[in-house]
Amino acid sequence: MAAANNEFFEALSMLEHERGITAEYLIEKIKAAIIIAVKKNYEVEEDHVKVDIDPEAGRFDVALIQDVVADEDWYDEHSEIGITEAQKIRKTYEVGDRIITPLKTKDFGRIAAQTAKHVIRQGIREAERSQQLSEIQSRAHDIVQATVTRVDPEKGIVALDLGKGGEAILPHNEQVPGEVYTEGQTLQVYVVDVVSTERGPRVMISRTHPGLVKRLFELEVPEIFDGTVEVKAISREAGARTKMAVWSKDPNVNPVSACIGEHGARVAAVVEKLGGEKIDIVKWSEDISEFISSALSPAKVVKVELLPGETRSCRVTVPDQQLSLAIGNKGQNARLCARLTGYNIDIRPESGYYGEEEPKKEAETDAE
């Protein structure tokens with residue numbers, strides 16, 4: 001029995017090291033499994049079963065607990081023992097006492113052993129699932145390095161291995177337009193959310209989420225990481241352009257310069273990780289007119305008029321020669337500005353004349 005116990009505790013130690021599941025957790029599950037097995041095999045209640053597992057002492061004991069009863073009241077041979085039989089074991093036993101009778105593992109029976117194995121396996125699966133959920137939940141709203149395991153061009157989905165976080169699917173609408181994914185490729189993805197399901201954690205990931213850009217800047221800019229500079233808002237058209245509004249709690253720190261870095265090194269590092277996506281960094285302001293003016297960068301703004309009503313709308317006047325720049329290619333600059341500020345923006349030239357090729361442009365927030 002000692003050799004069997006040694007093998008048992010060695011197996012526990014191996015599971016602890018290989019799967020990262022604590023021996024204490026496994027022992028509790030195994031105790032529960034053995035109790036279920038003994039209850040089923042001997043048809044007794046739980047308080048008539050005793051399981052003692054002590055890895056330090058290398059002890060694994062299973063026993064039945066029998067109530068000492070009067071001979072005429074003795075009906076259940078597993079949970080009870082008559083006083084005459086009890087006193088053959090020890091003369092001092094009296095009615096009402098309890099006797100602990102050790103069991104040998106082989107006495108559990110085949111069905112009991114199978115039950116124990118099933119519960120133990122289930123306990124290990126639950127531990128692994130809980131561990132996996134805890135691991136990936138700690139990465140929610142963060143960037144995870146993932147490896148492409150499968151590409152399904154028909155369904156437009158990409159399967160990714162997140163390491164200890166398990167597997168996740170990158171849906172078509174969360175992929176950056178123009179990006180091509182291949183098996184074995186390493187990607188940085190943003191963990192949008194983690195949901196616990198019966199089959200384990202379901203991880204929702206994205207390559208298009210504005211949070212990906214924000215997190216990249218947090219990793220690249222110490223002033224954002226330590227809280228001196230705060231990212232107030234981001235609007236993004238993944239793969240093309242992002243606008244990010246920043247603010248500094250320290251008047252001596254220029255938030256835009258901090259994000260751009262010396263010779264543009266910091267913003268360039270983020271742009272590279274995003275595959276060349278353009279990034280406009282603008283200064284956030286409590287003054288909404290000032291913020292809108294800044295958000296339309298790189299265009300210069302002559303005037304911002306906030307329109308009455310609850311529609312959060314404004315009219316922006318720009319120099320004639322800046323109209324195309326303010327609107328941007330296919331309205332992109334105006335659109336990103338509107339999403340960034342939360343205002344519907346009507347852009348007009350200073351002269352009031354649009355010409356044939358440059359119609360006025362109203363950008364709606366279309367908030368993400």
Side-chain angles (χ1 to χ4, degrees), residues 1-67 78-79 97-142 144-147 161-168 191 193-204:
M1 188 66 181
N5 283 356
N6 289 339
E7 288 177 6
F8 169 76
F9 289 114
E10 283 174 9
L12 272 187
S13 179
M14 190 180 300
L15 282 170
E16 186 172 29
H17 286 93
E18 288 184 0
R19 304 200 186 193
I21 306 168
T22 64
E24 290 80 5
Y25 178 90
L26 286 171
I27 285 171
E28 286 305 310
K29 287 293 178 182
I30 291 166
K31 278 186 178 180
I34 298 300
I35 289 171
I36 290 171
V38 174
K39 280 173 59 180
K40 186 172 183 178
N41 204 54
Y42 290 90
E43 297 180 344
V44 295
E45 296 301 316
E46 189 169 328
D47 66 338
H48 285 279
V49 183
K50 185 177 188 303
V51 180
D52 184 17
I53 302 176
D54 185 348
E56 290 186 7
R59 193 173 71 249
F60 183 178
D61 297 323
V62 182
L64 279 178
I65 300 175
Q66 296 170 297
D67 295 320
H78 296 312
S79 63
D97 288 344
R98 306 193 94 191
I99 296 176
I100 298 175
T101 305
L103 296 174
K104 294 180 180 180
T105 306
K106 65 180 181 180
D107 293 335
F108 295 175
R110 182 177 58 83
I111 295 175
Q114 287 176 343
T115 303
K117 284 180 182 178
H118 172 73
V119 178
I120 290 168
R121 285 197 204 100
Q122 187 178 28
I124 291 171
R125 281 197 299 269
E126 286 174 3
E128 289 178 329
R129 191 176 297 163
S130 174
Q131 187 181 49
Q132 187 184 61
L133 179 62
S134 176
E135 169 75 22
I136 196 63
Q137 278 182 333
S138 70
R139 303 303 302 275
H141 312 301
D142 200 354
V144 172
Q145 198 86 351
T147 304
D161 179 9
L162 306 180
K164 288 186 178 180
E167 187 181 75
V191 179
D193 199 5
V194 181
V195 180
S196 178
T197 70
E198 289 183 359
R199 294 184 177 182
R202 179 170 171 260
V203 187
M204 286 167 273

Can you list everything that forms a ring-ring contact (aromatic ring centres under 6.0 Å, His included) with His78? Sequence neighbours excluded, please.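 Result, ring-ring contact (aromatic ring centres under 6.0 Å, His included) vs His78: Tyr42.
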Sequence-distant partners of [X], side-chain contact (heavy atoms from CB on, under 4.5 Å), two or more places apart:
X     : result
Glu56 : Asp54
Glu43 : none
Lys31 : Ile27, Glu28, Val51, Ile53

Using a distance-only test with no angle check, is there a side-chain donor-acceptor pair under 3.5 angstrom linking Gln66 and Thr101?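 Their side chains do contain a donor-acceptor pair, which is all the 3.5 Å distance test asks for.
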State which residues pass side-chain hydrogen bond (donor to acceptor under 3.5 Å, both in side chains) with Ser138; sequence neighbours excluded, sorted by chain then number.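 Residues passing side-chain hydrogen bond (donor to acceptor under 3.5 Å, both in side chains) with Ser138: none at all.
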Using the side-chain hydrogen bond (donor to acceptor under 3.5 Å, both in side chains) criterion, which residues pair with Asp52? Sequence neighbours excluded.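 For Asp52 the side-chain hydrogen bond (donor to acceptor under 3.5 Å, both in side chains) partners, ignoring immediate neighbours, are Arg59.
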Mind checking the CG-CZ spacing from Leu64 to Arg98? Nearest 0.5 Å is all I need.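 So the gap between those two atoms works out to 11.0 Å.
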Return the CG to CG distance between Asp47 and Asp67, rounded to the nearest 0.5 Å.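 Here the interatomic distance stands at 7.5 Å.
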Where is the tightest heavy-atom contact between Pro102 and Ala63, given as atom of each residue plus distance?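 Minimum heavy-atom separation between Pro102 and Ala63: CA-CB, 3.8 Å.
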What closest approach, in Å, do Ala168 and Val203 show between heavy atoms, and which atom pair accounts for it?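 Looks like CB-O, 3.7 Å.
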Side chain to side chain contact (heavy atoms under 4.5 Å, CB included), that's the test. Do His48 and Val38 meet it? Break it down for me. CA-CA 9 Å; His48 285 279; Val38 174; over 6 Å; no
